[in-house]
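Numbering of ligands and ligand atoms starts at 1, following listing order.
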Amino acid sequence: MAYDAANLSEKSALDAFWLEEAKRLTWMEAPTVASDVSFERDDFRIKWFEDGVLNASVQCLDRHLAERGDKTAFIFEGNDPSACERISYRLAHEEVCRMANVLKSRGVGKGDRVVLYMPMVPEAAYAMLACARIGAVHSVVFGGFSPDALASRIEDCGATAIITADEGRRGAKAIPLKANVDLALERLAQPPKLVLTIEVTGAQVPLTPGRDILWSEERDEVAPTCDPEPMAAEDPLFILYTSGSTGKPKGVVHTTGGYMVYASFTHEKVFALQTDDVFWCTADVGWITGHSYIVYGPMANGATQVLFEGVPSWPDAGRMWEVVAKHRVSILYTAPTAIRAAMREGDEFVTEHDRSSLRLLGSVGEPINPEAWRWYHDVVGEGRCPIVDTWWQTETGGILISPSAKSSDNKPGAATTPLPGVLPALVDNEGKPLDGAVDGNLVLTTSWPGQARGVWGDEQRFFDTYFSTYPGTYFTGDGARRDEDGDYWITGRVDDVLNVSGHRMGTAEIESALVAHASVAEAAVVGYPHDIKGQGVHCYVTLKQGIEASDALATELRGHVRNEIGPVATPDRVQLSPGLPKTRSGKIMRRILRKIAEGQPDQLGDTSTLSEPLVVESLLKGAEKFA
Ligand code: PRX
């Protein structure tokens, strides 16, 4: 066992364990109860530390001031390598309080939703914590999403305020964040009444009087302290939209007490955190990894972190390793897609920079292939640093399965061991529990404090999505294998969710973007193995009567998806085809489409139920150009 987990399968032992761990936080009123949970339909509820009262921003800021106020919270590494700044916990506290006061002065308060659309600058973290400070619920939308995607999230959560930046910088590119916000708000019947813009690049952006305010003009007008709002443990802390196998993205809701305990606990334990560590998580704050392992976990633990504005490929492919050397990073936490992209550039970009400060490497977001694991271990970590391949999800709030940071003989590609108090199981497609070394669907049989509490505005969808497939358990949507040692290997999604460069995407979302185009009759989207991205997006599209197929139209459709959802969802392949393979009852046979996209035409399986068998021939022919 990687962790010293006493027998935590009994509810009483689990509750005692978590109540003890809850003491890691500074509560306004300490909780006396741990869990009140039932995954059953008639009695469904998930509550942790219910009678506790706290404020998340106090965990991340105030409680460090007395003893380590001058400790560096962030080493901000700008997009431009010459732009670098150290920010102490004391300064972060002041900035957060000021931003909280600005929001308050404009009428934002407890329970209001605030959408953040930000680049990777310290103000992104301040904005999250400023919301937490006044009890507003933040919903960060990744800066790579389009105005449409932004608008639908603002509308879904009913946000009354937006915090954004004039522009973001990513390598040589400027991202027009404020302009995108303006476009998004034009599309809404009831747009938010307040837009706070942080000046990052200083670009001139149009301001709408009465709605738009600038951080530089507001910051000095308000007090540098702000009393934290007392929040019940189960009050929502944030909403984060994520893709599922059907419908629009879901607003996953996390609450305050359990999430904070879990983010702090997992950050300390998984990374075996030491006070002098320099922790660098390369995720964007627009994803759950940025929430839990840039903002809430590390800041609650008073860690020093690198916050990186740029991209790993700019000004050259050595940037990541340059940053490691420059700031003496001791723990690097990144995604397999970044590792594979770096690997392709050749070892020299890595080896020319000093990596002697590194002691631990982490991986997150998608399965890591053994080849990338070994390169990460041998070249980046010089064979000295253990790798923690951490498995978790937006819905889990924090890491659930990970190897130990102390073990030197990790298995390449294995997420390995559940954390204490985490009880995974594998079940077959009928929900029958599977024992021993076996492949199956990964479920969790009990709750943990960081578990999501709901889908914003749709309790039924929350239950149906996660708790109805295998009754009595939380279904992850992932498949996994357990080996002879009892270690877990995540094999990937078993539903129609893609993982492209570690970004989670629903095939249904891309399909609905495609059919929104005037020329498209029908679309089916599947993933296929991609050397760098892990999975690529392959779209099969049939056109409306009278529309002629052409390369130009395929290119236009790629651009169309990009505009509708954002650059993250840009299809790798658009295959215009005369038909899609369907059963006689009209159901698209995705299994066949997957095999064609994967370049495995000899493994199509049973095609006898196809209504028009000839369709497959033409699809195979059309796919040849992608081979
Ligand atoms: O399929 C799993 C994959 O990413 C999914 C969750 O995506 P998201 O909610 O965006 O959160 C990503 C960051 C936690 C999971 O259902 N995944 C995540 N980590 C791993 C992984 N697959 C294999 N190994 C991992 N370490």
Side-chain angles (χ1 to χ4, degrees), residues 140-142 144-145 238-245 249-254 259 262-263 266-267 270-271 281-294 296-297 333-340 361-370 372-373 376 387-403 410-419 422 424 441-444 450-452 455 465-466 469 474-481 487-507 509 527 529 533-535 568-569:
V140 186
V141 176
F142 176 57
F145 279 117
F238 65 86
I239 303 167
L240 189 57
Y241 285 84
T242 192
S243 299
S245 48
K250 296 181 282 285
V252 170
V253 178
H254 281 285
Y259 173 81
Y262 202 68
T266 50
H267 178 253
V270 171
F271 300 102
C281 168
T282 67
D284 190 282
V285 289
W287 310 113
I288 190 69
T289 309
H291 282 59
S292 301
Y293 300 113
I294 295 179
Y296 291 110
Y333 190 34
T334 192
T337 190
I339 298 165
R340 288 189 297 264
L361 302 172
S363 174
V364 59
E366 40 170 333
I368 180 164
N369 46 312
W373 192 99
Y376 197 29
I387 296 181
V388 286
D389 174 4
T390 63
W391 173 82
W392 59 297
Q393 312 176 296
T394 304
E395 296 88 340
T396 70
I399 297 163
L400 293 191
I401 306 183
S402 169
N410 301 143
K411 301 175 185 179
T416 314
T417 321
L419 267 68
V422 172
N441 300 302
L442 181 63
V443 300
L444 278 308
Q451 182 168 28
V455 167
T465 308
Y466 303 107
T469 317
Y474 165 79
F475 176 42
T476 63
D478 278 324
R481 176 162 64 85
D487 289 337
Y488 286 87
W489 301 67
I490 310 300
T491 47
R493 302 290 304 195
V494 294
D495 53 12
D496 290 323
V497 170
L498 304 182
N499 196 325
V500 181
S501 302
H503 299 158
R504 183 166 154 185
M505 242 166 301
T507 50
E509 267 170 88
K533 299 174 164 188
Q535 273 189 308
V568 283

Step-by-step side chain to side chain donor-acceptor pair (under 3.5 Å) determination, S292 to Y262: CA-CA 9 Å; S292 301; Y262 202 68; over 6 Å; no

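- Side-chain contact between L442 and P424: present, with at least one pair of heavy atoms (C-beta onward) separated by less than 4.5 Å.
- Residues Y296 and Y259 have side chains in contact (heavy-atom distance under 4.5 Å, counting atoms from C-beta outward).
- A donor-acceptor pair is defined here as one N or O able to donate and one able to accept, closer than 3.5 Å; such a pair exists between the side chain of H254 and the backbone of T394.
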One line per pair, note the atom names and distance for all nitrogen or oxygen contacts under 3.5 Å between ligand 1 and the protein.
unit_1	atom_1	unit_2	atom_2	d
ligand 1	1 (O)	D478	OD1	2.7
ligand 1	1 (O)	D478	OD2	3.3
ligand 1	4 (O)	G365	O	3.2
ligand 1	4 (O)	N499	ND2	3.4
ligand 1	9 (O)	T394	N	2.8
ligand 1	9 (O)	T394	OG1	2.6
ligand 1	9 (O)	R504	NH1	2.6
ligand 1	16 (O)	Q393	NE2	2.9
ligand 1	16 (O)	D478	OD1	3.3
ligand 1	16 (O)	D478	OD2	2.6
ligand 1	16 (O)	R493	NH1	2.8
ligand 1	17 (N)	G365	O	3.4
ligand 1	19 (N)	G365	N	3.1
ligand 1	22 (N)	P367	N	3.4
ligand 1	24 (N)	E366	O	3.4
ligand 1	26 (N)	D389	OD1	2.8
ligand 1	26 (N)	T390	O	2.7

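- Annotation: side-chain contact (heavy atoms from CB on, under 4.5 Å) contacts of N499 (sequence neighbours excluded): E366, Q535.
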From CA spacing to verdict: side chain to side chain donor-acceptor pair (under 3.5 Å), W373, N410: CA-CA 10 Å; W373 192 99; N410 301 143; over 6 Å; no

